[in-house]
Amino acid sequence: MPNIKLMEEALPVAPLKIAALESCRELGQKVNDYIVRFRQETLRESLDSPLFSSYQLENYLIECKCPRFGTGEAKGIIGESIRGKDLFIMVDVCNYSLTYTVNGHLNHMSPDDHYQDLKRIISAATGKAHRINVIMPFLYESRQHKRTKRESLDCALALEELMEMGVSDIITFDAHDPRVQNAIPLQGFDNFNPPYQFMKALLRAEPDLSVDKEHLMVVSPDEGAMHRAVYFSNVLGVNMGMFYKRRDYSTVVGGKNPIVAHEFLGDDIKGKNVIIVDDMISSGESMLDVAKQLKERGAGRVFVCTTFGLFTEGFDKFDDYYESGYIDRVITTNLTYLPPAAYEKPYFVVADLSKFIALIIDSLNHDITIGSVLNPTDKIHALLERHNAGK
């Protein structure tokens, strides 16, 4: 495991505490369990020093909640002192499964609600924590990262607001456009990508997969996902292709210009297995259209790898496309809420990132370099060597 030697030589910045909001409770528990295990297995010789009095605990999670009044207004409550602690607050802004009542009417929590609850917990800390870090896997308003004409610039505003509230670092995954960190150029913003976890999950689900340019290809579903596909194809040593979305800019449907067609640029894919890589599946329509076109061009198996499986319109179309043979696997992470129905799908594979997040938190708590964590190239190469050796 990278960084383990550095951790054993470094003092933690401050005693570690994790506040997993209700939206992120399950993931927070898994992360906590990994950190407990990491620290119980440490070879550090000086644990009896007072400096390490809070180092090996059975639990790093603190009690936090945001109860609501009958009007729907809420308040943040922290159940224990966090004075002098290195506090990591975890929130999943896409967890729509949580509900609350407004004057007797049931409301599902929106990203706006989760973001407000995050601010409430930061406010409840009242500046007493040694350091406050926010782990927000799906970056709030990340798709509104740039302005066109008279539009709000929500993502940049949210980042600035969190920094003004005293947040030291924002940790996110596969940001829609990482350049949004330019809004807070002197503050901490760490953007991680899960290609290693994708490959690990894919090779576990498809142990017979040949990873070479004769049998495999990486495809970007649009121009925006190009950098992901370029990295993926280079590190795997395979060719890549790209679709671009031809849109009708004369009309607006659902807040965006409708896609007229997907045009493919790249080598012949006949007989090759294909990995489609993107940051998110929202409704899934464009991703499924790309998969269908690849199959019609003679592709073998089609694997969809996406960091955030939002599935805003359910699974019916995915079921139809799986039964029609257009998709073989849909691999997504557990960084955002996944409905229970997802786990029952024969094509569905979850890439678990809880250990990855635990390693990030532990590294940051020791204030050591996370360069090796940010760059998964060596880990992917080692994984492929084991796979090719049949292990």
(message) Does Arg25 have more than 12 heavy atoms from other residues, nucleotides or ligands lying within 6.0 Å of its CZ?
(response) yes
Side-chain donor-acceptor distances from residues 338-351 under 3.5 Å, at least two apart:
| unit_1 | atom_1 | unit_2 | atom_2 | d |
| --- | --- | --- | --- | --- |
| Lys345 | NZ | Asp319 | OD2 | 3.0 |
| Tyr347 | OH | Asp319 | OD1 | 2.7 |

(message) Using a 4.5 Å cut-off between side-chain heavy atoms of Ile, Leu, Val, Met, Phe, Trp and Tyr, which other residues end up in the same hydrophobic cluster as Met109?
(response) Leu98, Tyr100, Val102
(request) List the steps and the verdict of salt bridge (Lys or Arg N to Asp or Glu O under 4.0 Å) for Asp117 and Arg68. (result) CA-CA 11 Å; Asp117 278 358; Arg68 291 182 180 265; 3.6 Å; yes
(message) Any non-hydrogen side-chain atom of Lys119 less than 4.5 Å from a side-chain atom of Met165?
(response) yes
(request) State, yes or no, whether a side-chain contact exists between Asp278 and Asp222 at a heavy-atom distance under 4.5 Å. (result) yes
Rounded to the nearest 0.5 Å, what separates atom [atom1] in [X] from atom [atom2] in [Y]?
{"X": "Asn133", "Y": "Ile361", "atom1": "CG", "atom2": "CD1", "result": "8.5 Å"}
{"X": "Arg329", "Y": "Leu209", "atom1": "CZ", "atom2": "CG", "result": "11.0 Å"}
{"X": "Thr172", "Y": "Ile135", "atom1": "OG1", "atom2": "CD1", "result": "10.0 Å"}
{"X": "Met136", "Y": "Ile171", "atom1": "CE", "atom2": "CD1", "result": "10.5 Å"}

(request) For residues Gly76 and Ile121, report the shortest heavy-atom separation together with the two atoms involved. (result) CA-CD1, 4.1 Å
(request) Among Thr336, Asp92, Ile357, Thr333, find the residue that satisfies the side chain to side chain contact (heavy atoms under 4.5 Å, CB included) test when tested with Leu27. (result) Ile357
(message) The criterion is salt bridge (charged side-chain N to carboxylate O under 4.0 Å, His left out); which residues satisfy it with Lys213, sequence neighbours excluded?
(response) none
Taking the side chain from [X] and the backbone from [Y], do they hold a donor-acceptor pair closer than 3.5 Å?
{"X": "Asp212", "Y": "His215", "value": "yes"}
{"X": "His114", "Y": "Asn95", "value": "yes"}
{"X": "Asn239", "Y": "Ser233", "value": "no"}

(message) Whether the Ser354 and Asp352 side chains hold a donor-acceptor pair (N or O, under 3.5 Å, no angle test) is what I'd like checked.
(response) yes
(request) Scan side-chain atoms only and decide if Glu58 and Gln40 contain a donor-acceptor pair under the 3.5 Å cut-off. (result) yes
Please table the atom pairs, donor to acceptor, closer than 3.5 Å between any side-chain atom in residues 293-305 and protein atoms at least two apart or in another chain.
| unit_1 | atom_1 | unit_2 | atom_2 | d |
| --- | --- | --- | --- | --- |
| Gln293 | OE1 | Arg297 | NH1 | 3.0 |
| Gln293 | NE2 | His262 | O | 3.4 |
| Lys295 | NZ | Gly300 | O | 2.5 |
| Lys295 | NZ | Gly325 | O | 3.3 |
| Lys295 | NZ | Asp328 | OD1 | 3.3 |
| Arg301 | NH1 | Glu206 | OE1 | 2.6 |
| Arg301 | NH1 | Asp208 | OD1 | 3.3 |

(request) Please work out whether the ring planes of Tyr321 and Tyr326 are parallel, tilted or perpendicular, with thresholds of 30° and 60°. (result) tilted
Quiz: residues 183-205 side-chain donor-acceptor pairs under 3.5 angstrom, not counting sequence neighbours:
| unit_1 | atom_1 | unit_2 | atom_2 | d |
| --- | --- | --- | --- | --- |
| Asn191 | OD1 | Asp174 | N | 3.1 |
| Asn191 | OD1 | Ala175 | N | 2.9 |

Which side-chain N or O atoms in residues 29-36 pair as donor and acceptor under 3.5 Å with protein atoms at least two apart or in another chain?
| unit_1 | atom_1 | unit_2 | atom_2 | d |
| --- | --- | --- | --- | --- |
| Gln29 | NE2 | Asp33 | OD1 | 3.0 |
| Asn32 | OD1 | Tyr60 | N | 2.7 |
| Asn32 | ND2 | Asn59 | OD1 | 3.2 |

(message) Looking at Asp362 and Arg39, is there a salt bridge between them, counting it only when a charged N and a carboxylate O are closer than 4.0 Å?
(response) yes
